[in-house]
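For reference, the structure discussed in these notes is given below.
First listed ligand is number 1; within each ligand, the first listed atom is number 1. These numbers come from the heavy atoms of this one structure, side chains and all, not from hydrogens, waters or symmetry mates.
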Amino acid sequence: MDSADQFRFTHLPHPAPVPAARRTELLANPGFGRVFTDHMAVVRYKEGQGWHNPTIEARAPIPLDPAAAVLHYAQEIFEGMKAYRAADGGVVMFRPDANARRFYQSAERMAMAPVPDALFLAAVRELVRVDRDWIPTGENASLYLRPFMIASEAFLGVKPSSEYLFIVIASPVGSYFSGGAVSVWVSEDYTRAAVGGTGAAKCGGNYAASLLAQREAKTHGCDQVLFLDAVEHRWVEEMGGMNIFFVLDDGSLVTPPLGGTILPGITRDAILTLARDRGLTVREEPYSIDQCYADAASGRLKEAFACGTAAVVTPIGRLCGHRGEVVIGSGNGADPITESLRGALIGIQRGQNPDPYGWVQHVA
Ligand SMILES: *Cc1c(COP(=O)(O)O)cnc(C)c1O
């Protein structure tokens, strides 16, 4: 079961889609994650039967037994990716194959039935095609795709579910942050992931565990939370839903190494490649929070940024925490290396710059 042909989607068009005039209104200022398209892709899995009944259908609430495993034991994974309208009127996506691979690996970690890459890609592509009129055209706008999988077997015993639902929904979005630099709260009391845990899997449970720390950040007037390692509470790991980079005064970049406790971001990987190809020295190595504060104070730390599909590349202007507050770089986001990497990435993602890496794929 690995060829796209075996996953032919049945189309059940929405009987009453949003009228075009209303859609235009919604697309003018969609915000992030509040507006949804007319359809969704749904594929079911049952042990012994495998993946079956792929459909594109009207987006609607999903019937779920109250004993469904996901509601009790949190067997859930997801992905986040974007579709853009290209200059030629077509639709492009950024490295969708990498999201398919990661979704597969997240499923394996959570003892769920992995979705074959070809099925994952077909579901995303079919949904984008059906709802292509929902792709906004604004400068920072895109159609955010949210593939996810839940354990749907009705059984309260603790074991991997024997049934799953794989669903893709889509949401037209503007910028994740409202602009400028973000401030970051260093969490000393909570950790996100431990060695042997699920930090490298994109599962909802990781987010559930991060929300209290995120709330603490807000309480202290910060936009985002930065997590340290779970053993020594000393090494910078990542933010709640984004990876982190530091730019030093010799022009080099530092980012914490992957190793099971950090989500392997596709944006992170792209930034590593773009930076190296621009002749920058890039080090994937541990960076302690003490060093970070010392470097910010001495001026050795010039810039810092968060990166991920939703946030793209967002400058970090300020660190706050139990050890005090420091400003990074300009403090207002006008940071040259961050800006240039952001521009290079966005140019490729939107099909405006040449793509020597083969990252961009036409999907419609
Ligand atoms: C999704 C995610 C990222 C960013 O990954 P991208 O592939 O760049 O979108 C980073 N950290 C966490 C915890 C995430 O869930």
Could you say whether the N/O atoms of [X] and ligand 1 ever approach to under 3.5 Å?
| X | value |
| --- | --- |
| Tyr207 | yes |
| Arg102 | yes |
| Asn243 | no |
| Pro264 | no |

Subset of ligand 1 atoms that lie under 4.0 Å from at least one heavy atom of [X]:
| X | answer |
| --- | --- |
| Gly308 | 4 (C), 8 (O), 9 (O) |
| Glu238 | 10 (C), 11 (N), 12 (C), 13 (C) |
| Gly265 | 5 (O), 6 (P), 7 (O), 8 (O) |
| Gly240 | 13 (C) |
| Arg192 | 13 (C) |

Kindly indicate, with the supporting measurements, whether the criterion side chain to side chain contact (heavy atoms under 4.5 Å, CB included) is fulfilled by Asn206 and Thr198. CA-CA 7 Å; Asn206 288 342; Thr198 57; 2.8 Å; yes
What do you reckon, is CZ of Arg276 surrounded by more than 12 foreign heavy atoms closer than 6.0 Å?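 Yes - once you tally the heavy atoms of other residues, nucleotides and ligands closer than 6.0 Å, there are more than 12.
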Would you say that more than 12 heavy atoms from the other residues, nucleotides or ligands in this model lie under 6.0 Å from the CZ of Arg44, or not?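 Atom CZ in Arg44 is not packed in, count stays at 12 or less.
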Can you tell me the protein heavy atom closest to [atom] and the distance?
| atom | value |
| --- | --- |
| atom 3 (C) of ligand 1 | Gly241 O, 3.4 Å |
| atom 9 (O) of ligand 1 | Thr309 OG1, 2.6 Å |
| atom 8 (O) of ligand 1 | Thr267 OG1, 2.6 Å |

Within 45 degrees of the ring normal and closer than 6.0 Å to the centroid, is that where the cationic atom of Arg59 sits relative to Phe36?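 Because its charged atom sits under 6.0 Å from the ring centre and within 45° of the axis, Arg59 does stack over Phe36.
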Which heavy atom of Asp335 sits nearest to which heavy atom of Ser330, and what is that distance?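 Smallest heavy-atom distance, with atoms named: OD1-OG, 3.1 Å.
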Any idea which heavy atoms bring Lys82 and Thr309 closest together, and the distance?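 Closest approach of Lys82 to Thr309: NZ-O, 2.9 Å.
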Indicate, as side chain, backbone, both or neither, the part of Lys202 found under 4.0 angstrom from ligand 1 when only non-hydrogen atoms are considered.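 Side chain only; the backbone of Lys202 stays clear of ligand 1.
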Could you walk me through whether Leu274 and Tyr357 pass the side chain to side chain contact (heavy atoms under 4.5 Å, CB included) test, one step at a time? CA-CA 10 Å; Leu274 287 173; Tyr357 314 104; 3.8 Å; yes
Ion pair Asp38/Arg23, N-O distance below 4.0 Å: no
For the residue pair Asp290 / Ser288, report whether a side-chain donor-acceptor contact shorter than 3.5 Å exists. no
